[in-house]
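Here's the structure, in structure tokens; my notes come after.
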Amino acid sequence: MPELDSGATAWILTSAALVLLMTPGLALFYGGMTRSKSVLNMMMMSFGAIGLVSLLWVFYGYSIAFGEDVGGITGDLSAAGLRGMLESGTEGGIPDLLFAGFQLMFAVITVALISGAIADRARFGPWLLFAGLWATLVYFPVAHWVWGGGWIFELGVLDFAGGTAVHINAGAAALALALVLGRRVGWPKDSFKPHNLPMVLLGAGLLWFGWFGFNAGSALAANGTAAVAFINTQVATAAAVMGWLLVEKLRDGKPTTLGAASGAIAGLVAITPACAFLEPLGAIALGVIAGVVCALAVGLKYRLKYDDSLDVVAVHMVGGIIGSLLIGFLAMEVLAGEGNDGLLYGGGITLLGKQALGSVAVLAYSFVVAYLIGFVIDKTIGFRASADAEVEGIDNAEHAESAYEFSSTGGGGGAFAAAGIGTSAASSKTEPTEPVSEKVAG
């Protein structure tokens, strides 16, 4: 094995673990935003992605994404099973196997991100089927296009840590699935408020923490590039929080905790492709723009009548597009490479054109393939839960569990009952016999 850089290896090991932590953080973030009767199903979709995508990555995913290029479209299968990598090292001084493990965590969270658009109404088994097919047909090839030597890479599109490959990719698929599954029962008239905002904030905090591994770790070394990505990730996210809260204050009269959490994620998304190519002042400008635009983009689903439950489209697809396109305005040649000055730093329009082409190509491909996969699954084995299951609670229907149990099975509620918590005269009566689908969701 070539001589390894122990410092770089230690940093990428740490970064990979940070990126993995982001998916449980996402589960908390998404879970808190759903209703209490759907939280387990929402979180299970993230944990299911960890299990399934990890295996597919070893079997063939890494090889498709980073194997020898075949026509600019895909990698070959020479690295299937990660064979031949046990004693190989990269030019950067880290083991090839570690690079594969680091990139695995990106694949996991990209798939998990999609699930927020279909909260409250998706069956778990069909979700796993979709996740496996979408990862195989979309994420693995797109990762090759962007990072593995494929056509987008050769075109010169800049994406340091995943604006196109992760966020636009996942956001477009989320929009497609929201259209395939249709609106939730009662949406948009009924209340679908988050059931646990502290959980949302905890999830957002874990995502923010893990994102330093996501962005700074993509330098693949403990070096100056990692430092630039680190500070830009922080200040862009902070600026996006302030931008989102400003929109809420001006539009609604009050800033909210949900807005702060959502603004943070919007900033993290937008800075991801650009984090190593901007100076800190440029990162702050990008963050403010992302926070404001993504906050306004949330309203699109009400105007266009698509039910994106947790605003994956507004935050990830729109945020990813903002980050990718603003590289064309704010990139600095000293950081982004020769000939890659943005328009505001004296560059021409060429870089912006490349960024736009890469973004549109990934968006269109992901949307079309995700729609077809989701449509076929829905028309064959059924993707959406029944109306009764959706209204009563998909957690019980899909997993035979509930997130919150406030009474014992045989003791009349124990201490909670003694205190009068979670009990009422109505609870001892027989439920009406009309179909649940006729009740009001909420």
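Just the heavy atoms: all of them, side chains too, but no hydrogens, waters or symmetry mates, feed the values below. Keep in mind the model is a prediction, meaning the values are calculated, not measured.
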Are a donor atom and an acceptor atom from the side chains of [X] and [Y] found within less than 3.5 Å of each other?
X	Y	answer
Ser402	Asp395	no
Ser324	Ser359	yes
Ser309	Tyr30	no

If you count every heavy atom of other residues, nucleotides or ligands that lies below 6.0 Å from [X] atom [atom1], does the total exceed 12?
X	atom1	value
Tyr404	OH	yes
Phe124	CZ	yes
Ile349	CD1	no
Phe230	CZ	no

Beyond-backbone contact of [X] with [Y], side-chain heavy atoms, under 4.5 angstrom:
X	Y	value
Tyr345	Glu279	yes
Val312	Ile114	no
Leu300	Val313	no
Glu333	Asn340	no
Ser218	Phe102	yes
Phe214	Met22	yes

Working for ring pair (Phe, Tyr, Trp, His ring centres under 6.0 Å), residues Trp127 and Phe383
CA-CA 7 Å; Trp127 157 252; Phe383 205 146; 7.2 Å; no

Sequence neighbours left out, what passes side-chain contact (heavy atoms from CB on, under 4.5 Å) with [X]? Give chain and number order.
X	answer
Thr257	Leu197, Leu201
Gln234	Trp208, Phe212
Thr34	Ser38, Val39, Met42, Ala119, Asp120, His195, Leu310

Hey, could you give me each pair passing ring pair (Phe, Tyr, Trp, His ring centres under 6.0 Å) that has a residue in residues 294-330? Not counting sequence neighbours.
His167-His316, Trp187-Tyr302

Do side-chain atoms of Lys37 reach the backbone of Ala403 as a donor and acceptor pair under 3.5 angstrom?
no

ring-ring contact (aromatic ring centres under 6.0 Å, His included) involving Tyr371 - partner list, sequence neighbours excluded
none

Among Phe367, Tyr365, Tyr139, exactly one meets side chain to side chain contact (heavy atoms under 4.5 Å, CB included) together with Asn169. Which residue is that?
Tyr139

Pairs in or reaching into residues 68-80: which pass side-chain hydrogen bond (donor to acceptor under 3.5 Å, both in side chains), with residues at least two apart or in two chains?
Asp69-His144, Asp76-Ser78

Please work out which of the three classes, parallel, tilted or perpendicular, describes the rings of Tyr62 and Phe99, given edges at 30° and 60°.
perpendicular

